[in-house]
Amino acid sequence: MNEFDIATLAVRAGYEQTPEQENSEAIFPTSSFRYHSAAQAAARFSGEEKGNVYSRFTNPTVRTFEKRLALMEGGEACVGTASGMSAILSTFMGICQAGDHVVSSQSIFGTTKVLFTKYLAKFGLEVTFVSQTDVEQWKQAVRPNTKAFFLETPSNPLTEIADLSALSALAKQNDCLLIVDNCFCTPILQRPLEQGADIVIHSATKFLDGQGRGIGGAVVGSEALIEDAVRGFMRTAGPSMSPFNAWIFLKGLETLPVRMKAHCDNAKQLAQWLTAHPAVEQVFYPGLDSHPQYELARRQQDAGGGLVSFRIKGGQPEAWKVIDSTQMLSITANLGDVKTSITHPATTTHSRVSPEERLQAGITDNLVRVSVGLESIEDIKNDLARGLDALI
């Protein structure tokens, strides 16, 4: 299906119809599969014959999701996992060994930083954190044992944009892998593999699902990288995607192109409105020409995305007042939903990161993050105005 547009791939790619001739993808809620003979069972387990073995690592519904997302990202292979965090874990456990070194953006999800510093460090993996946007810092951080670069772009919550082409060139010069978390843009807005990345990671929980229904993750890349290293770890360690969640994500992918356009349209309007509000100190949105990496975002992304962050004039009390004054928006740390959500990153998503590291990453006490949903943009603005207007 490589000849089709991404909107068509989102609806139809990766599925093989069963003999029942269903039009909507089937769910296979089975733990195991039967074989015609002992010889066939042996051939499946040895890998001599391709086919279903056990749903921990071979399930038709999960496989459909994997094929569809791989095609949409322009990759050869995909592994579905139990969550976005298990996708990151599976990637690094699969490709790295004790003594390897990773260079990571400091502007990553707080739990990802904890995974690196508290857990993967136990296995001898060293990580150096650098500025998302300063390529020179990445260059200076490279060591002879550096195995990979890791980042999410745009970053959460400040929407910093990393220069994928520059980092890809640097990674190749140093025989490193470039690993990009693309869950905020999705392949509708950004395709990192086309810009030189080696592996793309998703939290399918976010925009891929889009309706807050399930937890899942995915890793996309070349067959050589993904099948042996990442799928091998997933098969053995077991952070598997459930068939039902895979089906949910397939339904989410079908509407992803339409939803992402609507998210972006609403987010840009909200960002422009916030910029003009007297209670707002600063707005972070890649679709605004005031964004530090605006031109880079225009080259790398098809639109600004659905995430808007802003600093209130004041501190944590004022930020919480704005959040608590909302009546419609969902106060939750999740994002990528059709329902607009609002959160205080310093005390939620990045609360496990030290205050010093938060400040270094620009996550101040007066920062508020909004994942802009698909409600009326006027209703979203009016709901935020309840608290913002009270601060004037």
Side-chain angles (χ1 to χ4, degrees), residues 1-37 39-82 87 186-188 191 193 200 202-223 226-227 230-231 234-235 239-261 338:
M1 297 195 70
N2 290 324
E3 64 192 70
F4 291 105
D5 184 81
I6 194 169
T8 303
L9 295 177
V11 174
R12 294 192 174 270
Y15 187 60
E16 297 179 14
Q17 191 181 60
T18 78
E20 299 297 332
Q21 298 182 290
E22 69 282 348
N23 189 45
S24 181
E25 296 84 356
I27 308 173
F28 288 85
T30 180
S31 59
S32 60
F33 302 88
R34 293 192 294 187
Y35 311 106
H36 295 305
S37 66
Q40 186 184 49
R44 292 279 181 90
F45 271 81
S46 69
E48 180 183 339
E49 178 182 302
K50 289 188 176 181
N52 299 314
V53 178
Y54 189 57
S55 273
R56 186 178 73 244
F57 57 97
T58 54
N59 180 277
T61 316
V62 177
R63 185 162 59 247
T64 300
F65 167 73
E66 292 172 340
K67 287 181 177 179
R68 185 170 298 179
L69 185 59
L71 283 165
M72 291 175 69
E73 281 286 7
E76 296 175 347
C78 172
V79 173
T81 62
T186 80
I188 302 304
R191 289 157 296 281
L193 296 176
V200 169
H202 280 280
S203 171
T205 314
K206 308 299 191 294
F207 288 102
L208 296 191
D209 173 21
Q211 295 183 57
R213 299 168 294 187
I215 302 291
V219 186
V220 183
S222 69
E223 189 168 350
I226 300 302
E227 289 301 326
V230 182
R231 191 178 299 280
M234 188 276 293
R235 172 176 180 164
S240 314
M241 177 178 285
S242 79
F244 184 74
N245 283 9
W247 183 82
I248 284 174
F249 300 140
L250 282 168
K251 297 297 102 180
L253 289 177
E254 289 178 353
T255 61
L256 185 62
V258 178
R259 285 188 290 105
M260 290 309 296
K261 182 182 185 303
V338 294

- prompt: Would Arg259 and Thr255 count as a side-chain hydrogen bond (donor to acceptor under 3.5 Å, both in side chains) if you check the C-alpha gap in whole Å, the side-chain angles of each, and the deciding distance to 0.1 Å?
  reply: CA-CA 6 Å; Arg259 285 188 290 105; Thr255 61; 2.9 Å; yes

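No donor-acceptor pair closer than 3.5 Å links the side chain of Thr61 to the backbone N or O of Ala246. For Thr205 (side chain) and Gly216 (main-chain N/O), a donor-acceptor pair under 3.5 Å exists by modelled atom type. Judged by distance alone, with hydrogens and angles left aside, the side-chain atoms of Glu22 form no donor-acceptor pair with the main-chain N or O of Gln17 at under 3.5 Å. Without hydrogens or angle criteria, Arg191 side chain to Pro187 main chain gives a donor-acceptor distance under 3.5 Å. Thr81 places no side-chain N or O within donor-acceptor distance of the main-chain N or O of Pro239, the cut-off being under 3.5 Å.
Rounding to the nearest 0.5 Å places CG of Leu250 at 10.5 Å from CG of Leu208. Between the CD atom of Glu3 and the CG atom of Leu9 there is a distance of 9.5 Å, given to the nearest 0.5 Å. Taking CD of Glu25 as the reference point, atom OG1 of Thr18 lies at 11.0 Å (rounded to 0.5 Å). Within the model, atoms CD of Gln40 and OH of Tyr35 stand 8.0 Å from one another, a figure rounded to the nearest 0.5 Å. Within the model, atoms SG of Cys78 and NE2 of His202 stand 8.0 Å from one another, a figure rounded to the nearest 0.5 Å. Rounding to the nearest 0.5 angstrom, the gap separating the CH2 atom in Trp247 from the CD1 atom in Ile27 is 5.0 Å.
Closest approach of Lys67 and Glu16 over heavy atoms only: NZ-OE2, 3.3 Å. Summarising the geometry of Glu227 relative to Ala77, their closest heavy-atom pair is OE2-CB, 3.4 Å, with the distance given to 0.1 Å. Pairing each heavy atom of Thr64 with each of Tyr15, the nearest pair is OG1-CD1, 3.6 Å. Closest approach of Asp5 to Ala7, counting heavy atoms only: OD2-N, 2.9 Å. Of all the heavy atoms in Phe45 and Arg235, the pair that sits closest is O-NH2, 4.1 Å. Residues Leu71 and Ala13 share a closest heavy-atom pair of CD1-CB, 3.7 Å.
Annotation: Phe57, atom CZ; neighbour count of heavy atoms from other residues, nucleotides and ligands within 6.0 Å is above 12.
Contact check on Glu254 versus Lys251 returns a salt bridge, with a Lys/Arg side-chain nitrogen under 4.0 Å from an Asp/Glu carboxylate oxygen.
The residue from Leu69, Asp209, Ile188 that alone fulfils the side-chain contact (heavy atoms from CB on, under 4.5 Å) condition with Leu256 is Ile188.
Between Arg63 and Asn52 there is a side-chain heavy-atom pair separated by less than 4.5 Å. Considering only heavy atoms from C-beta on, Ser240 stays 4.5 Å or farther from Tyr54 through its side chain. Annotation: side chain of Thr30 is in contact with side chain of Ser55 (closest heavy-atom distance under 4.5 Å).
Residue pairs meeting the salt bridge (Lys or Arg N to Asp or Glu O under 4.0 Å) criterion with at least one member in residues 44-58, sequence neighbours excluded, are Arg44-Glu49.
Using cut-offs of 30° and 60° for the angle between ring planes, the Phe65 and Phe249 rings count as tilted.
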